[in-house]
Each structure stands twice: as structure tokens, then as C-alpha cells.
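Here's the structure we're looking at; comments come further down.
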Protein chains: 2
Amino acid sequence: MTDSDPLDAVFGALAHPVRRQILARLAEQDATVNELAEPFDMSLPAISKHLRVLEAAGIISRGKRAQFRPCHLEPEPLEAVAGWADQYRHIWQARFDAMTRAIETMKGKADD
Amino acid sequence: MTDSDPLDAVFGALAHPVRRQILARLAEQDATVNELAEPFDMSLPAISKHLRVLEAAGIISRGKRAQFRPCHLEPEPLEAVAGWADQYRHIWQARFDAMTRAIETMKGKADD
DNA sequence: CACAAATTAAACTGATTAGTTAATTAATCA
DNA sequence: TGATTAATTAACTAATCAGTTTAATTTGTG
């Protein structure tokens, strides 16, 4: 029973466009399941399942107001994603720097 | 045929711990399939499939040197991931700022 | 109490995923 | 040429995923 990396669930949750759209919506404001479902041509249970995936990954949490379950975005896992990707920043930075130098060289030649 | 968001494939590829470990290895240096497979207790075809997933997402590319297919990390999709997550930076930043203010308030009270 | 609304649960289907082993391709080497 | 090495392809299995429809649960309201 090796407990799996939480990033597995986070990246898995982010792999579906519907779920990313839901997050974009929640970034603006908390919303109920019906509100979140509205833009999609999809059954309500399907949306409910997507929300469960997001919740299992810790990316959203849910309240309980009357018969509504308002969803709330939890930013920490997204911060973890940014942190993970930042590990590789020096690699694309290096590529960017090389490009910049190449452009500078071309400028130098153009000045001849 | 709505062509799907490339982030689908990228996040999907990153959702597996073996694939993330492979990327960590490739961040240090290009490597062959056998080299990449070595740390894993898993058949070579399984690794081959993981590499195909990474390649399909554009996260790695592969060369052809003799009978070897050296793999190379392509940083752009990872940069895209960082950029995507950065959309949400203001949200966790706000939470961080609130925490900072709360700490300052506590300090103030302690000074009473 | 009865009903309507919001959401989830259950049961099912079809597609995809992650792995296996065995066979195949392609290139080097003796 | 024949053997060896690197890697992929093929064929298969078990599990998970993404969606459906129908039914149940929970809460508010007339």
C-alpha cells in the first residue's frame, strides 16, 4: 500500500476540459452544482462526478447550504502544480536565453 | 471534430508517477529507453508506452542514434502548465496575504 | 403533509489505460 | 552471415473513466 503522490490525482483531475472550465468558473465565485452544470450539454450526474474528482484531488471543497452544495476553489493544489512545473523553469529559461542571444547576434550582423 | 485542448494530453501525461519520474530524469540529461527503464520494476514495453504518451503530449521528442532512440525533454508544454496554473496565482496569493495580515495582527496584540 | 428543487446514488455501457508476454523490426558486431 | 542489442508491435486482460438513465435523498415551501 504505497500511498500515491497527491499530484497523481491533481494532474488527473486537470486532464479533463470540463473540469478545467469548472475551475475557471469557480475562480470567479463559488457556485452550486446546477450553476456549474449550466454551460455544459451534459447530464447533472456527469457534472456531479466531475466535481467529485476535483474534490478528491483537493482542488475544490463543498459547503452545505440548504439543499445546495456550493463549491469553492481550494488553491493549494494548483500552487503545487505551479511549483512542480517551476522545477523545469531553468530548462525553458535556458532555451529562451539562447534564442535571445541568437537574436542579438543577428542584430549585430545586420549592423555591419 | 472539435480539436481538443492540448492541455488535456499534457495533464493526462503528467498524471502518472512513472512518467513524472521519467521527466525528472530527462531534465538532467537525454537518455535511451533502456536507461529510462532501469529504475523501474516494469517491462520495457510498458516504459515504451509511457514514452509514447509523453511524446504524444509533446513533452518529449526522440532521436535516432544507431539502434537507440534517445529521448529529449521538450520544455514548452511544461511552460504552458506553469502558465495555466499562474492564472490562479492571485487566488493563493490573496490567501497568503490574508494569513500574513492575520499574523501581523496577532503580533500587534502580543505587544499589548 | 405533499410536492418541488438540488443533488447524489445505483446500475449499466463503451472507451481508454496500464500492464503483461511473445513476436518482430532494425542496427551493430563478431 | 548469424548473433546480439535496442526498441516496438501485437494481442490480450483487468481496471478505471466518462457518460447515460432511473431512482433515492434531503431540504424548503404552500
Side-chain angles (χ1 to χ4, degrees), chain A residues 1-23 25-26 29-73, chain B residues 1-23 25-26 29-73:
Chain A
M1 279 312 138
T2 65
D3 62 324
S4 61
D5 192 325
L7 279 177
D8 292 5
V10 174
F11 280 126
L14 298 179
H16 199 293
V18 166
R19 292 193 288 258
R20 290 200 307 280
Q21 256 183 265
I22 288 174
L23 292 185
R25 174 85 190 272
L26 288 176
Q29 197 164 20
D30 289 4
T32 69
V33 178
N34 270 289
E35 287 167 350
L36 292 170
E38 190 269 325
F40 301 103
D41 185 20
M42 190 179 291
S43 72
L44 215 49
I47 298 294
S48 196
K49 283 183 178 185
H50 282 304
L51 293 174
R52 180 199 300 269
V53 172
L54 289 168
E55 188 181 26
I59 310 177
I60 69 169
S61 61
R62 324 164 84 160
K64 198 176 265 198
R65 196 146 41 236
Q67 70 254 221
F68 306 87
R69 308 289 144 85
C71 297
H72 174 74
L73 193 141
Chain B
M1 283 305 142
T2 65
D3 62 323
S4 60
D5 191 324
L7 279 178
D8 292 5
V10 174
F11 280 126
L14 297 180
H16 199 294
V18 166
R19 291 193 289 259
R20 290 200 306 280
Q21 257 183 264
I22 288 173
L23 292 185
R25 173 85 190 272
L26 288 176
Q29 195 164 20
D30 289 5
T32 68
V33 178
N34 270 286
E35 287 168 348
L36 292 171
E38 189 269 325
F40 300 102
D41 184 19
M42 189 179 291
S43 71
L44 213 49
I47 297 296
S48 197
K49 282 185 180 183
H50 282 304
L51 293 174
R52 182 199 316 242
V53 172
L54 289 167
E55 188 180 26
I59 311 177
I60 68 169
S61 61
R62 324 164 85 161
K64 199 176 264 199
R65 197 148 40 240
Q67 72 253 223
F68 306 88
R69 307 289 143 83
C71 297
H72 174 75
L73 193 142

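Computed from a predicted structure; not experimentally measured. All chains are named by letter (A, B, ...) in the order of the sequence lines, taking the proteins before the strands, and each is independently numbered beginning at 1.
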message: For a quick check of understanding: with a heavy-atom distance under 4.0 Å over all strands, which category does B:R65 fall into, base, sugar-phosphate or nothing?
response: nothing
Phosphate OP1/OP2 of C:dT7: any A:S48 side-chain N/O under 4.0 Å: no
query: What's the CE-P distance between A:M42 and D:dT21, to the nearest Å?
result: 12 Å
- line: Checking D:dG19, C:dT20, C:dT7 against the side chain of A:A46 (C-beta onward), the nearest is D:dG19
- prompt: What's the closest nucleotide to the B:L44 side chain, out of D:dT8, D:dG19, C:dT7?
  reply: D:dT8
- request: Look at B:R69 and C:dA26 and indicate whether a side-chain polar atom (N or O) is within less than 4.0 Å of OP1 or OP2.
  value: no
message: Does a side-chain N or O of A:R52 approach OP1 or OP2 of C:dA9 to a distance below 4.0 Å, or not?
response: yes
- request: Using modelled atom types only, decide if a donor and an acceptor are shared between the side chain of B:R20 and the backbone of B:L14 within a distance under 3.5 Å.
  value: yes
query: Can you find a side chain N or O atom of B:S43 that sits less than 4.0 Å from OP1 or OP2 on C:dT20?
result: yes
- line: B:I47 atom CD1 is separated from C:dA18 atom P, nearest whole Å, by 12 Å
- prompt: Is any side-chain nitrogen or oxygen of A:N34 closer than 4.0 Å to OP1 or OP2 of C:dT7?
  reply: yes
query: Rounded to the nearest 0.5 Å, how far does CD of B:Q29 lie from CD of B:E35?
result: 8.0 Å
task: Measure from CZ on B:F68 to P on D:dT4 and round the result to the nearest Å.
output: 16 Å
message: Nearest whole Å is fine: how far is C:dT17 C1' from B:D8 CG?
response: 16 Å
task: Compare every heavy atom of B:S48 with every heavy atom of B:R62, then report the nearest pair and how far apart it is.
output: NH2-O, 4.4 Å
task: Please figure out whether A:K64 or A:D41 has its closest DNA chain D nucleotide nearer the 5' end.
output: A:D41
field: Nucleotide D:dG19, atom P - distance to CZ of A:F40 in whole Å
entry: 10 Å
Spacing between A:L51 atom CG and D:dA18 atom P, to the nearest angstrom: 13 Å
message: Both B:R62 and A:V18 contact DNA chain D. Taking the nearest nucleotide for each, which residue is further toward the 5' end?
response: B:R62
message: D:dT16, OP1 or OP2 - any side-chain N/O from A:H16 closer than 4.0 Å?
response: no
task: State the CG-CD1 distance between B:L51 and B:I22, to the nearest 0.5 angstrom.
output: 5.0 Å
message: So, applying side chain to side chain contact (heavy atoms under 4.5 Å, CB included) with B:C71, which one of B:I59, B:D30, B:I60, B:L23 is it?
response: B:I60
task: Tell me whether the OP1 or OP2 atom of C:dT17 has a side-chain N or O from B:H50 closer than 4.0 Å.
output: no
task: Drop me the distance from B:N34's CG to B:Q67's CD, to the nearest 0.5 angstrom.
output: 10.0 Å
statement: Among C:dT7, D:dT20, D:dA7, the one nearest any side-chain atom of A:P45 is D:dT20
- prompt: Nearest-Å distance, CD (A:E38) to P (C:dA6)?
  reply: 13 Å
- prompt: For the pair made of CD in A:Q67 and C1' in C:dT8, what is the distance, rounded to whole Å?
  reply: 13 Å
